[in-house]
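Accompanying notes for the structure given below.
For ligands, and for the atoms within them, numbers begin at 1 and follow the listed sequence.
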Amino acid sequence: MDRVISVSFGEIALKAGNRKYFEDKLIKQMRKAMSGITYEKIYKEQGKIYIEAAEENFPQIINRLKKVFGLVYISPCIRIEKDFEEIKKASIEAAKEKMESGNITTFKVDTNRGDKNFPMKSPEMSREIGGVILNNFNDLTVDVHKPDFYLYIDIKQYAYIYTVKVKGYGGLPLGTNGKGLLLLSGGIDSPVAGFMMARRGVEINAVHYHSYPFTSERAEEKVKDLALILSRYIGPIKIYSVNIINIQKEINKNCPADEMTILSRRFMMRIAERIAVENNYQALITGESLGQVASQTIHGLNVTNRSVNLPVFRPLIGFDKVDIIKIAKDIETFETSILPYEDCCTVFLPKHPVTKPKVEDIEESEKALNIEELMEDTMKNMKIYTIS
Ligand code: ATP
Ligand code: MG
């Protein structure tokens, strides 16, 4: 009886034409995630991927694989030859181990016969093994609706027996959907937005705007900490760090006070777009959510959008704050996000920001600014570093 880890993937399995491409990308990401841990081999077998490794490394491997996008379930399995006696023995062993977790009285066997040449059909196998389990464990009964555990039997080149399915995040393997530039603030939303697009296979780097010395170095550190947490899922992240204090001062001096936020937001988008075009990012990503604050009304978003041509992905657009917080807690960015350091948007914050800005009015206000010169001066001092 060998021990292996199996992983299953969801949507990739549906990609008829380029399934191999997605599988290979996934394996590459899995290898990356497991770097530093010893394992013998990774192999594909009929729609799943398997890892041979020493059993003591399983918890560590599973922990790392949980963060690889594209994986739906991860299971420690017993692998045997597809021989009924072997399957019987392994099933008893798997059930015994499951029982040790305590408080278990019901089970159900679920067989999947990938090898259609195997003589026993799935329902027959489930029935037979169910009988074996009942004979060996007096305290267990079958419950086909809501069992305390499932005993899974996959029959392929080998037979695989398992009772545990650790949930992954699903999605698509990183790097299968181009590159996106995340506008990363120190708040709750933008790290979640980055996570969600990365989960769809988008490689992510980030741009952060600060207003040093009006904002502190601690605020900058917080953004690095957030990037570090994100890097657990997506690997090293490049941060383009841009000081926009001069732009903010110019807006403050020359434009209506209530347009401060929307005007600086347009500069943020323009600078991000310029970085994106120069570095081959195909989209911008923000943590905006409809109606959350004055600048994120439908009118505000419209005006923000009109400053750039690249597509802007806003994965949180239809989310309530409580839902965003739930994800932030799950991906472990929340505790860092709520640290109380100031944000560049709080500099010159208007008391009554416009909630229904019109593009014409905003463009009129911008005539008082030398946009090109401000952009160039600002980007000259951009710092770039990598967090990993
Ligand atoms: P968050 O929790 O992400 O800070 P928020 O609710 O505070 O979002 P805003 O401050 O209006 O919302 O920002 C909206 C979006 O604009 C952010 O999600 C982020 O993508 C981008 N953004 C805001 N401030 C910055 C910044 N200092 N640097 C980079 N991007 C920013
Ligand atoms: Mg913010």
Side-chain angles (χ1 to χ4, degrees), residues 180-198 204-212 214-227 229-230 237-245 247-248 260-276 281 283-297 299-301 303-305 307-308 310 312-317 319-325 327-329 331 333-350 353-355 357 378-379 382-383:
L181 185 63
L182 170 68
L183 281 78
L184 180 63
S185 70
I188 296 168
D189 305 326
S190 45
V192 173
F195 172 87
M196 290 189 60
M197 293 323 301
I204 306 274
N205 288 309
V207 53
H208 174 67
Y209 302 103
H210 63 90
S211 316
Y212 189 79
F214 286 68
T215 55
S216 66
E217 278 177 41
R218 299 252 297 273
E220 182 90 1
E221 284 305 312
K222 176 179 165 183
V223 170
K224 289 185 194 173
D225 289 344
L226 286 172
I229 298 170
L230 281 179
I237 303 177
K238 204 184 275 181
I239 297 188
Y240 302 87
S241 175
V242 185
N243 188 338
I244 54 168
I245 191 63
I247 292 177
Q248 291 176 301
M260 180 73 210
T261 310
I262 200 88
L263 286 166
S264 39
R265 185 59 34 90
R266 278 163 67 91
F267 271 97
M268 288 187 185
M269 297 300 269
R270 288 191 188 106
I271 295 169
E273 181 178 58
R274 200 159 288 187
I275 298 169
Y281 297 91
L284 306 179
I285 300 163
T286 77
E288 289 159 316
S289 161
L290 191 61
Q292 196 186 79
V293 289
S295 58
Q296 294 173 35
T297 61
H299 311 274
L301 291 174
V303 172
T304 308
N305 239 27
S307 56
V308 291
L310 271 191
V312 182
F313 292 164
R314 299 180 171 92
L316 307 181
I317 195 71
F319 277 51
D320 285 358
K321 196 77 185 187
V322 285
D323 301 324
I324 300 170
I325 289 174
I327 303 174
K329 285 184 174 165
I331 66 174
T333 51
F334 183 72
E335 294 301 324
T336 304
S337 288
I338 58 174
L339 294 174
Y341 305 125
E342 66 292 342
D343 182 76
C344 68
C345 301
T346 54
V347 181
F348 309 121
L349 187 71
V354 281
T355 53
T378 298
M379 291 186 69
M382 176 166 80
K383 295 200 173 51

* Return the option from Lys321, Met268, Gln292, His208 holding the heavy atom at the smallest distance from atom 6 (O) of ligand 1. =>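 Answer by nearest heavy atom: Gln292.
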* **With Arg270 via side chain to side chain donor-acceptor pair (under 3.5 Å) - residues at least two apart** =>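 Arg270: side chain to side chain donor-acceptor pair (under 3.5 Å) contacts with Glu366.
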* To do: State, to 0.1 Å, how close Val308 and Met269 come at their nearest heavy-atom pair, and which atoms those are.
  =>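 Looking at all heavy atoms of both residues, the shortest contact is CG1-O, 3.4 Å.
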* Heavy-atom pair with the smallest gap, counting every atom of Ile204 and Ile237 ->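 Here Ile204 and Ile237 meet closest at O-CG2, 4.1 Å.
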If you count the atoms of ligand 1 from 1 in the order shown, which ones are under 4.0 Å from a heavy atom of [X]?
X      : answer
Val207 : 29 (C)
Ser295 : 11 (O)
Thr286 : 20 (O)
Gly287 : 17 (C), 18 (O), 20 (O)
Leu184 : 28 (N), 29 (C), 30 (N)

Check whether any N or O atom of [X], backbone or side chain, sits under 3.5 Å from an N or O atom of ligand 1, and answer yes or no.
X      : answer
Tyr209 : yes
Ile285 : no
Pro191 : no

* Asked: Does at least one non-hydrogen atom of Arg265 fall below 4.0 angstrom from an atom of ligand 1?
  ->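 Yes.
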* Check the side chains of Thr355 and Thr297 for a donor-acceptor pair under 3.5 angstrom, ignoring hydrogens and angles. =>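 No, Thr355 and Thr297 have no side-chain donor paired with an acceptor closer than 3.5 Å.
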* Asked: How does Gln296 reach ligand 1, if at all, at less than 4.0 Å between non-hydrogen atoms: by side chain, backbone, both, or neither?
  ->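 It is the side chain that touches ligand 1; the backbone stays farther off.
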* Steps toward side chain to side chain donor-acceptor pair (under 3.5 Å) verdict (Tyr240, Asn205) -> CA-CA 8 Å; Tyr240 302 87; Asn205 288 309; 5.2 Å; no
